[in-house]
Every structure is written in C-alpha cells, then in structure tokens.
Amino acid sequence: MSKGILTDVTKCIGCLQCVSACKEVHHLEADEPRIWQKNDGLSAENWTSIITKPGNRFIRKQCRHCLEPACASVCPVGALHKTKIGAVVYDSSKCLGCRYCMMACPFGIPRYDWDKIVPHVEKCILCYDKIKDGEQPACTQACPQKATIFGERSELLKIAHQRIKENPGKYINKVWGEHEAGGTSVLYLSDIDLGFLSYPTNIGNKPLPDKTKTAMESVPFAFVGMGGVMLGLNWIIRRRMEFAKDENKKKDSADE
Ligand code: SF4
Ligand code: SF4
Ligand code: SF4
C-alpha cells in the first residue's frame with residue numbers, strides 16, 4: 001500500500017518543529033543563504049520549510065512524491081525512482097549533477113548542493129528508511145498540532161474529504177495532490193489557494209513525465225550529448241578523488 005502525508009493548512013501554527021525534526025534525523029547542516037536561492041526556505045540542507053502567507057497562514061513545503069514523478073522521468077542515469085511504498089527516492093552516488101530534475105519538477109523541489117566536491121541534488125525522501133521499518137516520518141511525528149499526518153494515501157484522502165464535508169465553509173473544496181499532475185503522495189487541505197506551490201500555478205491533472213520526457217528528448221544535445229559529457233566529468237572527478245585518497249593512504253603508511 002502506498003503511503004503519504006496530509007497537511008492541513010488550517011491547523012498549522014508555524015512552529016517549525018517539523019523543519020527541525022527533518023534536519024535532525026537527516027543530519028542536515030545549518031543553511032547558508034545564497035542570493036540565487038528561491039525565497040521558499042528549501043535548500044540542499046532544508047528538505048522542508050514553512051511559507052508564511054497573510055492572515056497567519058503557514059504552509060509546509062516538501063517534495064510531493066508524485067505518483068508519476070517528472071523528476072525521475074528526465075534523469076538520464078535513473079538516480080531518482082518512485083518506490084512501491086510511495087516515496088520518490090534518489091541515489092546520490094548515481095547523480096550527475098545535471099539538474100534536469102530541477103527543471104522538470106512542477107513544484108520546484110530538488111535543490112543543488114553547492115558545497116559538495118561532487119555536487120548533486122537533494123530533497124525530501126519521505127523518510128524512506130523509517131517508513132520501511134514501520135515508523136512514520138520525523139516531521140509528522142514532531143508536529144504538536146497534528147497539522148501534518150502520515151498514513152495510507154487512500155485513508156488520508158478519505159480523512160481530507162470527511163473534514164471538508166463535516167466543516168462546511170471552512171476549507172476550499174479541493175484536496176491538493178489528489179489529481180494534480182496525475183496525483184501526489186503528499187496532500188493538502190486548505191482555506192487559501194495553494195496554486196502558488198506549483199509552477200505554473202495551474203499544472204492540470206495529467207501526469208507530467210510524457211511531456212517532460214518529450215521536451216528533453218527534443219533537445220538531443222541537451223539530453224544525450226550533455227548527459228554524456230556530465231557522466232564523463234563525473235567519472236573523472238570520482239577517479240581523481242579515489243586516486244587522492246589512495247595517495248593519502250600511502251603517505252600515511254609511509255609516515256608510520
Ligand atoms: S515533487 Fe518534484 S521532486 Fe518531488 S517527486 Fe514530484 S517531480 Fe519529483
Ligand atoms: S518526510 Fe522525512 S525527509 Fe521528508 S520532510 Fe518529513 S522528515 Fe524530512
Ligand atoms: S510542526 Fe506542525 S504546526 Fe508546527 S510548523 Fe510543522 S506542520 Fe505546522
């Protein structure tokens with residue numbers, strides 16, 4: 001069964017405990033603001049953030065774990081994939097740093113890790129290891145308001161529709177992520193429009209991989225040529241790092 005998260009914007013008090021819990025469990029370092037960073041709090045060291053909107057509305061941003069992820073469809077080396085349990089995970093050892101996933105994501109989620117010697121992208125992984133072990137993600141566990149909850153996607157959808165039905169006028173009659181871009185595992189209930197979480201603001205209900213794949217393939221140099229160049233560079237950098245490591249080891253044993 002596929003898992004997911006439901007965030008109810010009307011319950012969130014913006015305490016940031018979900019953000020701190022994510023940083024702690026994934027050993028994410030203090031963030032260094034960059035001038036080119038988007039103004040949404042996400043970065044390679046911040047996999048979730050809280051966006052403040054007028055009227056004390058706080059909206060938690062994280063990877064939506066799309067049912068048909070555009071990021072995975074454009075990755076030339078298969079570094080990202082959708083797991084059966086619902087999480088879209090990535091293998092940083094495969095990542096070329098080409099950033100196609102960043103261009104393809106309709107929610108502006110993956111971020112580049114500028115501080116690594118071999119840079120790659122970072123994003124929320126739905127606490128994949130924890131949920132595989134039958135636990136819940138650190139962020140949902142930390143929320144004191146139960147504003148963001150974890151469960152089966154189908155159950156979360158039922159809960160969301162029930163809340164809308166039982167509280168007439170409280171919510172916009174829509175569960176964000178139920179159908180958008182083919183559906184996502186991270187869902188939202190809200191009393192304000194959450195269109196700003198996607199680019200463009202109205203992305204429609206069709207899965208994006210077909211569109212993005214076709215678009216990337218229609219630029220053969222970008223998709224194949226550049227991918228090959230990046231793969232080659234990545235291999236050279238890794239070989240150099242391994243060589244430097246071996247040299248250091250030799251020096252250390254000579255010093256002993
Ligand atoms: S939100 Fe973006 S990064 Fe997350 S799974 Fe969907 S396309 Fe990929
Ligand atoms: S699900 Fe895990 S990785 Fe994703 S935002 Fe929550 S704590 Fe972070
Ligand atoms: S922990 Fe809960 S209430 Fe606090 S900011 Fe996160 S989602 Fe909102």
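Start at 1 and go down the list; that is how both ligands and their atoms are numbered.
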Tested for side-chain contact (heavy atoms from CB on, under 4.5 Å) against F150, the lone hit among C139, P137, C143 is P137
If we number the atoms of ligand 3 from 1 as shown, the ones under 4.0 Å from a heavy atom of G14 are 5 (S), 8 (Fe)
I13 heavy atoms within 4.0 Å reach ligand 3 at atoms 3 (S), 8 (Fe)
Hey, are K82 and S185 close enough side-chain-wise for a donor-acceptor pair under 3.5 Å? yes
| task | Begin with the C-alpha distance, continue with both residues' side-chain angles, and end with the deciding distance and a verdict on side chain to side chain contact (heavy atoms under 4.5 Å, CB included) for K123 and H65. | result | CA-CA 10 Å; K123 69 166 199 72; H65 297 276; 3.6 Å; yes
Per-atom filter on ligand 1: closer than 4.0 angstrom to a heavy atom of V88 are 5 (S)
Quick one: does any side-chain atom of K3 pair with a main-chain N or O of R153 as donor and acceptor, under 3.5 Å? no
When the ring planes of Y90 and H120 are compared, do they come out parallel, tilted or perpendicular, using 30° and 60° as the limits? tilted
Residues joined to L157 in its hydrophobic cluster, side chain to side chain under 4.5 Å directly or through other members, sorted by chain and number, are L6, I149, L156, I159, I164, Y171, V175, L187, L189
A student checking ligand 1 against C71 at a 4.0 Å heavy-atom cut-off should list atoms 3 (S), 5 (S), 7 (S), 8 (Fe)
Report task. For side chain to side chain contact (heavy atoms under 4.5 Å, CB included), just list the numbers for M102 and Y112, CA-CA rounded to whole Å, side-chain angles, deciding distance to a tenth of an Å, and then say yes or no. Result -> CA-CA 8 Å; M102 290 170 68; Y112 204 52; 4.1 Å; yes
Numbered in order shown, the ligand 1 atoms found under 4.0 Å of a heavy atom of P110 are 3 (S)
Atoms of ligand 3 under 4.0 Å from any heavy atom of P144, numbered from 1 in the order shown, are 1 (S)
A student checking ligand 3 against C15 at a 4.0 Å heavy-atom cut-off should list atoms 1 (S), 3 (S), 4 (Fe), 5 (S)
Residue shell for ligand 2, any heavy atom closer than 4.0 Å, reads C22, H26, W47, T48, R60, Q62, C124, I125, L126, C127, P137, A138, C139
Here the atoms of ligand 1 under 4.0 Å from any heavy atom belonging to F107 are 1 (S)
Checking heavy atoms under 4.0 Å, the part of I50 that sits near ligand 3 is side chain
Item to complete: Ignoring hydrogens and angles, state whether a donor on the side chain of T148 or R60 is under 3.5 Å from an acceptor on the partner side chain.
Response: yes
For E24, I'd like to know if atom CD has over 12 heavy atoms of other residues, nucleotides or ligands within 6.0 Å. no
In ligand 1, the atoms that come under 4.0 Å of a heavy atom of R64 are 1 (S), 4 (Fe)
Checklist entry - For T52 and R57, does a side-chain donor sit closer than 3.5 Å to a side-chain acceptor? => result no
Ligand 1 atoms nearer than 4.0 angstrom to some heavy atom of C66 are 1 (S), 5 (S), 6 (Fe), 7 (S)
>> Around atom CG of N173, are there more than 12 heavy atoms from other residues, nucleotides or ligands closer than 6.0 Å?
In response: no
